[in-house]
Chemist: 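Quick one: the structure is below, and I'll ask about it shortly.
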Amino acid sequence: MKKNKWIFILIILIVVGVLGYNYIYKSHRDISSEEASYSIKVATLAQDFKADENAANTKYLDKTIDVNGKVTSYDATANLLVVDEVLSATLLEKPNQPIEKDQEITIKGRFIGYDELLEEFKMDQVSVIK
């Protein structure tokens, strides 16, 4: 009877250990291969946040989205792209095509939030679609 109790405890510990290991070391999201939840313009994003910030956060936060707008600036050394003066996007890697100011661009990445202090939207893990 006592032996069965120790075997049961050992099995429980092994199961908890395996589940804990898988939880801690799970693979990261690959945003570039995910399908976008939304495909919008920067102006639409701004309107949604102006209308109801909490609802917009629920809708877009930590989701993969496609965003279309005009390039305001591009810093190749920092891999930082600003679209329509209000969207700051950190690129995953250097784009294949050159990026010019005032060029229409579509990017895909993870929406990480709205910075009220700087009044800008932020995205990371961004790749240029066109």
Side-chain angles (χ1 to χ4, degrees):
M1 182 84 164
K2 201 169 194 173
K3 186 177 181 181
N4 288 341
K5 181 180 175 183
W6 285 109
I7 291 174
F8 180 72
I9 291 172
L10 181 63
I11 290 172
I12 296 293
L13 288 173
I14 289 172
V15 168
V16 168
V18 168
L19 291 174
Y21 179 83
N22 288 335
Y23 177 75
I24 291 172
Y25 294 104
K26 65 182 174 184
S27 61
H28 297 286
R29 286 174 64 185
D30 183 13
I31 301 295
S32 61
S33 68
E34 285 184 18
E35 191 170 325
S37 299
Y38 300 98
S39 187
I40 59 172
K41 293 188 174 290
V42 176
T44 306
L45 188 64
Q47 287 172 349
D48 287 352
F49 270 85
K50 190 179 242 184
D52 187 353
E53 188 172 339
N54 290 330
N57 270 322
T58 302
K59 184 176 181 180
Y60 298 116
L61 196 61
D62 201 33
K63 302 263 185 354
T64 301
I65 61 174
D66 288 348
V67 180
N68 182 282
K70 273 191 179 175
V71 174
T72 304
S73 68
Y74 172 59
D75 182 355
T77 55
N79 250 3
L80 187 67
L81 178 68
V82 178
V83 180
D84 286 348
E85 298 179 1
V86 294
L87 175 69
S88 175
T90 305
L91 297 175
L92 205 58
E93 55 191 32
K94 297 210 183 290
N96 296 333
Q97 68 265 16
I99 296 178
E100 308 278 329
K101 186 176 181 192
D102 294 326
Q103 157 189 347
E104 278 290 323
I105 194 167
T106 303
I107 57 175
K108 177 172 122 178
R110 180 176 67 133
F111 183 77
I112 57 174
Y114 175 65
D115 186 340
E116 290 180 35
L117 183 63
L118 299 175
E119 295 182 348
E120 71 178 8
F121 302 100
K122 296 192 179 275
M123 290 178 68
D124 70 354
Q125 300 182 40
V126 172
S127 53
V128 177
I129 295 176
K130 64 175 185 166

Chemist: Quick one: are Ile99 and Val128 in side-chain contact, heavy atoms under 4.5 Å?
Modeler: yes

Chemist: Go through the structure and list residues passing salt bridge (Lys or Arg N to Asp or Glu O under 4.0 Å) with Lys41, not counting sequence neighbours.
Modeler: none

Chemist: Quick one: salt bridge (charged side-chain N to carboxylate O under 4.0 Å, His left out) pairs with a partner in residues 98-107, sequence neighbours left out?
Modeler: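 Applying salt bridge (charged side-chain N to carboxylate O under 4.0 Å, His left out) to every pair that reaches into residues 98-107, excluding sequence neighbours, yields nothing.
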
Chemist: Other residues, nucleotides and ligands only: do more than 12 of their heavy atoms fall within 6.0 Å of CD on Glu119?
Modeler: no

Chemist: Hey, what do you get for CG (Asn68) to CD1 (Ile129), rounding to the nearest 0.5 Å?
Modeler: 9.5 Å

Chemist: Can you spot which of Val67, Ile31, Thr64 makes a side chain to side chain contact (heavy atoms under 4.5 Å, CB included) with Met123?
Modeler: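 Exactly one candidate clears the test, Val67.
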
Chemist: Restricting to non-hydrogen atoms, name the atom on Asp48 and the atom on Ala56 that form the minimum distance, rounded to 0.1 Å.
Modeler: O-CB, 3.7 Å

Chemist: Mind checking whether Leu87 and Glu120 have side chains closer than 4.5 Å, heavy atoms only?
Modeler: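 Counting from C-beta outward, Leu87 and Glu120 never come under 4.5 Å.
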
Chemist: Consider only side-chain heavy atoms of I, L, V, M, F, W and Y, link residues closer than 4.5 Å, and tell whether Phe8 and Val16 are in one cluster.
Modeler: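 Same cluster.
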
Chemist: With distance as the sole test, does Thr72 use its side chain to make a donor-acceptor pair with the main-chain N or O of Glu85 at under 3.5 Å?
Modeler: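 Here the side-chain-to-backbone pair exists.
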
Chemist: Which atoms form the tightest heavy-atom contact between Ala46 and Phe121, and what is the distance?
Modeler: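 Closest approach of Ala46 to Phe121: CA-CZ, 3.6 Å.
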
Chemist: Do Val82 and Val71 have side-chain heavy atoms sitting under 4.5 Å apart?
Modeler: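 Contact flag for Val82/Val71 side chains = no.
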
Chemist: Does a salt bridge link Arg110 with Asp124, judged by any charged N lying under 4.0 Å from a carboxylate O?
Modeler: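 Looking at Asp124 together with Arg110, the answer is yes, because their closest N to O distance falls below 4.0 Å.
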
Chemist: What's the separation between atom CD1 in Ile107 and atom CG in Leu81, rounded to the nearest 0.5 Å?
Modeler: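 Ile107 CD1 to Leu81 CG: 5.5 Å, rounded to 0.5 Å.
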
Chemist: Mind checking whether Leu45 and Phe49 have side chains closer than 4.5 Å, heavy atoms only?
Modeler: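 Yes, close enough: below the 4.5 Å cut-off.
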
Chemist: So does Lys63 have more than 12 non-hydrogen atoms from other groups sitting under 6.0 Å from NZ?
Modeler: yes

Chemist: As an exercise, state the distance from CG of Asp75 to CG of Leu91, rounded to the nearest 0.5 Å.
Modeler: 10.0 Å

Chemist: How many angstroms lie between atom OG of Ser88 and atom CG of Asp115, to the nearest 0.5 angstrom?
Modeler: 9.5 Å

Chemist: Hey, are the side chains of Lys94 and Asn79 touching, using non-hydrogen atoms and a 4.5 Å cut-off?
Modeler: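 Yes, side chains in contact.
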
Chemist: Residues two or more places apart in sequence or in another chain: which of them pass ring pair (Phe, Tyr, Trp, His ring centres under 6.0 Å) with Tyr60?
Modeler: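 Scan of Tyr60 (ring pair (Phe, Tyr, Trp, His ring centres under 6.0 Å), adjacent residues dropped) gives Tyr38.
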
Chemist: With Glu34, which residues qualify under salt bridge (Lys or Arg N to Asp or Glu O under 4.0 Å), at least two apart?
Modeler: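 Partners of Glu34 by the salt bridge (Lys or Arg N to Asp or Glu O under 4.0 Å) criterion, ordered by chain and then number, come out as Arg29.
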
Chemist: Would you say Tyr114 ends up clustered with Leu80 if hydrophobic residues are merged whenever their side chains have heavy atoms under 4.5 Å apart, either directly or through other cluster members?
Modeler: no

Chemist: Applying ring pair (Phe, Tyr, Trp, His ring centres under 6.0 Å), can you list everything that pairs with Tyr25, at least two apart in sequence or on another chain?
Modeler: Tyr21

Chemist: Between the main-chain N or O of Asn54 and the side-chain N or O of Thr58, is there a donor-acceptor pair closer than 3.5 Å?
Modeler: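 It does hold such a pair.
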
Chemist: For the CD atom on Gln97, are there more than 12 heavy atoms of other groups (residues, nucleotides or ligands in this structure) within a distance under 6.0 Å?
Modeler: yes

Chemist: Quick check for you: to the nearest 0.5 Å, what is the distance between Ile40 atom CD1 and Thr106 atom OG1?
Modeler: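 One finds 11.5 Å between CD1 of Ile40 and OG1 of Thr106.
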
Chemist: Please enumerate all residues that pass salt bridge (Lys or Arg N to Asp or Glu O under 4.0 Å) together with Asp84, with sequence neighbours excluded.
Modeler: none

Chemist: As an exercise, state the distance from CZ of Phe111 to NZ of Lys59, rounded to the nearest 0.5 Å.
Modeler: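 Rounded to the nearest 0.5 Å, the CZ-NZ separation comes out at 11.5 Å.
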
Chemist: So which of Ile11, Leu13, Ile12 actually passes side chain to side chain contact (heavy atoms under 4.5 Å, CB included) with Ile9?
Modeler: Leu13

